[in-house]
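Here's the structure we're looking at; comments come further down.
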Protein chains: 4
Amino acid sequence: MIERAPAQSPRADMVRNRQLLLTAATEAFAEGGVDVSMGEIAQRAGVAKGTVFRHFPSKDDLLAAITLRLLDGLVGTAERLLKADDAGAALREFMTAGVETLTADRAFCEVIGRPSLQHAEVRAEIARLCDTVEALTARAREQGAVRGDITGTDVVLLLGGIHQTAAPVLDQQPQAWRRYLELAFAGLFATGARALPHHPPAGLHLTDPRQSARPAGGSPPSPARRRQEVTTTKGHTD
Amino acid sequence: MIERAPAQSPRADMVRNRQLLLTAATEAFAEGGVDVSMGEIAQRAGVAKGTVFRHFPSKDDLLAAITLRLLDGLVGTAERLLKADDAGAALREFMTAGVETLTADRAFCEVIGRPSLQHAEVRAEIARLCDTVEALTARAREQGAVRGDITGTDVVLLLGGIHQTAAPVLDQQPQAWRRYLELAFAGLFATGARALPHHPPAGLHLTDPRQSARPAGGSPPSPARRRQEVTTTKGHTD
Amino acid sequence: MIERAPAQSPRADMVRNRQLLLTAATEAFAEGGVDVSMGEIAQRAGVAKGTVFRHFPSKDDLLAAITLRLLDGLVGTAERLLKADDAGAALREFMTAGVETLTADRAFCEVIGRPSLQHAEVRAEIARLCDTVEALTARAREQGAVRGDITGTDVVLLLGGIHQTAAPVLDQQPQAWRRYLELAFAGLFATGARALPHHPPAGLHLTDPRQSARPAGGSPPSPARRRQEVTTTKGHTD
Amino acid sequence: MIERAPAQSPRADMVRNRQLLLTAATEAFAEGGVDVSMGEIAQRAGVAKGTVFRHFPSKDDLLAAITLRLLDGLVGTAERLLKADDAGAALREFMTAGVETLTADRAFCEVIGRPSLQHAEVRAEIARLCDTVEALTARAREQGAVRGDITGTDVVLLLGGIHQTAAPVLDQQPQAWRRYLELAFAGLFATGARALPHHPPAGLHLTDPRQSARPAGGSPPSPARRRQEVTTTKGHTD
DNA sequence: TATGAATGAGTATTCATTCAT
DNA sequence: GATGAATGAATACTCATTCAT
């Protein structure tokens with residue numbers, strides 16, 4: 001109902017809308033977490049609700065797309081830093097970038113933090129991130145810049161942990177994460193410290209959540225659950 | 001639907017139900033986060049929905065009750081450890097207990113992590129926890145067991161951070177948090193490390209969420225939002 | 001579930017649905033009073049519950065829309081009659097139309113009758129009605145057709161009163177209101193009668209109900225009451 | 001659980017409670033209308049909810065009991081006035097008392113106004129009231145104090161109408177009903193006025209609402225409706 | 001392709017009523 | 001008889017998703 005400039009290709013508009021949506025959704029989720037409604041995102045992007053669903057068949061797909069963009073960014077950063085001379089400094093820089101990213105995006109944390117929220121693609125990208133960061137970490141280990149028992153997966157996991165440490169005071173002290181990042185560095189670079197217990201996680205090669213059903217005591221998965229398999233963890237029963 | 005012990009007084013059943021509810025709710029929230037419905041909790045506890053509301057007039061009250069139990073436990077632990085000789089070991093023990101507690105309860109983290117989810121009582125108890133832990137930390141500092149720039153609030157915040165670090169692999173490796181706890185200790189006890197940047201948070205003396213409205217760019221607060229001021233952050237639109 | 005005329009634009013259906021809803025709601029409220037549920041209205045209109053809320057974001061809005069339609073009709077009638085030569089006859093005609101309207105709609109009375117049920121818009125329209133009717137009445141007074149101490153607000157109030165007089169026998173004698181209307185005329189046009197006591201109401205310029213809390217003796221306003229500020233007056237306890 | 005003074009007879013307490021309840025309920029309903037909850041009434045009376053139900057098996061029964069008391073009062077007043085010399089003045093006095101009673105009790109109006117809210121006993125008492133008032137009116141007619149075409153049922157109905165006229169301004173002008181009562185007198189006593197149209201209602205000998213089902217278009221009476229047959233008119237659907 | 005109206009399952013919460021103590 | 005805990009149907013309202021235009 002609103003005219004659009006006749007763009008170069010018929011697809012130009014679609015591409016534009018996709019960008020608009022990703023931007024709006026990133027912002028919206030960042031501010032409000034995964035519970036922000038599709039309607040609000042549509043509105044922020046200035047498109048109709050139907051358009052959101054044309055581009056992303058479900059809310060989960062949209063969440064996945066956004067998360068992937070962020071993960072890609074981190075992977076890119078890690079890859080770039082792989083070329084730096086000082087591997088310790090590179091690791092520092094990567095982690096700083098990583099925590100900053102998380103701090104800006106609440107939804108990202110929620111998605112990353114809950115296995116049940118994850119798309120296959122996201123899981124794959126997480127694996128890629130872990131691999132790249134493992135390379136980064138390996139170099140730092142070899143250069144003696146980090147303690148020897150630290151893995152790439154540790155580093156990736158720490159990103160979320162450091163962010164979470166500062167999260168409760170985020171409103172009052174938006175930079176507090178820097179404090180806890182430094183504290184983590186102190187641990188990470190404490191080459192003389194006592195060895196870490198418990199073997200390092202094998203990576204975040206998370207299993208498909210659909211296979212790890214309710215551990216115990218739950219009711220059978222109601223049919224109404226079918227929709228929303230991924231987004232919601234709302235158990236329910238009735 | 002559930003057998004009942006032939007209790008002596010009508011209160012006996014009520015007490016039992018309250019316990020049943022707290023247990024069921026703790027479990028349910030731990031598994032599914034704060035979005036688990038009251039209906040599911042009722043069912044898990046084997047009572048009718050109305051019974052949940054008789055015991056906890058609103059979902060927030062239930063959440064608060066659960067959270068308070070956990071916080072009380074932590075405060076108790078901290079108080080007990082205040083009497084230990086070795087303040088460093090005491091701090092270690094407190095943090096171990098703390099992270100373990102968190103690991104058992106996802107909702108706890110969500111409630112603690114989001115100022116907007118908090119009851120006045122919960123905020124008060126958090127303050128109390130911070131104070132007690134500050135005392136614990138002060139002793140450790142004085143004994144030279146921890147670096148000098150660590151506060152009690154730092155310690156409390158770290159509990160959530162350490163837990164979060166391991167959370168993504170919780171299903172596969174339920175003990176992974178021990179690894180990151182030790183790593184945190186390495187940072188905390190690294191007395192020679194470089195000073196932490198950014199002054200320590202003043203405590204978790206969180207402000208009343210009703211005063212810190214949506215920061216920016218949001219949609220106008222729909223009137224229907226009025227309900228549920230505390231629990232939900234769900235935006236919506238259409 | 002219901003046949004639809006093959007309309008030209010998507011709006012056609014929407015308009016139709018809006019009409020369907022207003023009609024169904026008017027009927028439903030007329031029969032059952034304001035306590036009829038939104039679900040029943042949806043069903044009567046042959047639409048889903050969500051559709052009702054798309055058109056009228058809350059029950060109050062629906063009630064207000066219906067009431068406004070009726071008020072508008074009355075204002076229109078009054079304005080038209082302002083041009084008549086015989087002001088007394090015009091007033092008679094207006095009142096006849098008014099009572100007839102009310103008789104067709106119970107909810108209208110409940111909404112008009114209770115200050116606490118009112119939308120700002122409804123209050124404004126009531127004020128407009130009073131003003132127009134005051135003009136009508138003033139002319140009748142000047143022409144000596146009505147007693148001198150009758151105001152427009154009196155006339156508007158009488159509409160509800162006359163309707164109410166006949167309401168208990170509405171089912172058995174749907175035209176009984178004509179009898180009481182005539183009786184009211186006899187009072188109104190009784191120019192020689194003794195003066196009315198108590199000064200006339202200043203108009204129905206009702207105050208915002210949120211400022212006039214429970215007068216006395218009540219229970220403390222439960223927080224859960226916040227929702228539904230307008231529609232319900234349901235106290236509760238337990 | 002609370003000791004009570006060992007009253008004369010074992011029933012003394014019951015009688016007391018019944019009074020307490022009737023008083024509390026009258027007040028509560030007067031203030032809040034029929035939607036006040038049984039819980040609130042119990043609380044106001046200082047008894048437990050169960051006690052309310054022991055005395056009045058359902059909310060309708062309680063409502064009926066209260067309404068009967070008021071009706072009884074009116075019948076008593078009418079009977080007393082039957083002995084007065086000046087029948088016109090007696091009628092005036094009766095109506096004044098009647099409207100005043102109504103004005104003090106919102107629930108009474110709701111119950112009287114809606115056939116569907118009525119108990120058989122209430123209907124019988126209304127009939128008795130009509131009869132008594134008919135006698136009162138007949139005397140006034142015979143004395144030429146009222147116009148000849150006015151019946152006792154007219155008078156009873158007018159009570160509600162006059163009250164309703166002033167109801168919308170009740171908060172601001174609690175005495176406004178006197179104005180409309182006088183206006184009604186002017187009509188009633190206007191012996192020279194034109195004859196009233198439409199034959200007078202045969203009385204309020206209302207039919208059992210259960211026999212006059214939904215007139216048209218409604219949904220089938222849901223089984224869940226069975227309870228609450230009288231009180232609620234809440235249709236519902238889903 | 002974009003739109004936005006319609007859908008309908010889901011949520012928290014209320015309240016009359018029942019029943020064990 | 002009194003108590004108050006438990007019940008469960010009902011209600012207003014939300015939101016992901018579908019589908020006609």
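Throughout, a chain's letter reflects where its sequence line sits, starting with A, and its residues are numbered from 1. When reading the values below, keep in mind they use all heavy atoms of this one structure, side chains included, and skip hydrogens, waters and symmetry mates.
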Calculate, to the nearest 0.5 Å, the distance between atoms CZ and CZ belonging to B:F56 and B:R18 respectively. 4.0 Å
Between [X] and [N], does any side-chain N or O lie under 4.0 Å from OP1 or OP2?
{"X": "A:N17", "N": "E:dA2", "value": "yes"}
{"X": "C:H55", "N": "E:dA6", "value": "yes"}
{"X": "C:K49", "N": "E:dG8", "value": "no"}
{"X": "B:T51", "N": "F:dT7", "value": "yes"}

Does E:dT13 have a Watson-Crick or wobble mate here (both distances under 3.5 Å), and if so which one? F:dA10
5'-most by nearest nucleotide on DNA chain E - C:G50 or B:S58: C:G50
Just the rounded figure in Å: distance from C1' of F:dC19 to CG of C:D13. 12 Å
Would you mind reading off the distance between D:D35 atom CG and F:dT11 atom P, rounded to a whole angstrom? 13 Å
Of the candidates E:dG4, F:dG4, E:dG8, the side chain of A:A48 sits closest to E:dG4
Using only atom types and a distance under 3.5 Å, with no angle test, would you say the side chain of [X] pairs donor to acceptor with the backbone of [Y]?
{"X": "C:T51", "Y": "C:V47", "answer": "no"}
{"X": "A:K49", "Y": "A:I41", "answer": "no"}
{"X": "D:R44", "Y": "D:A24", "answer": "no"}

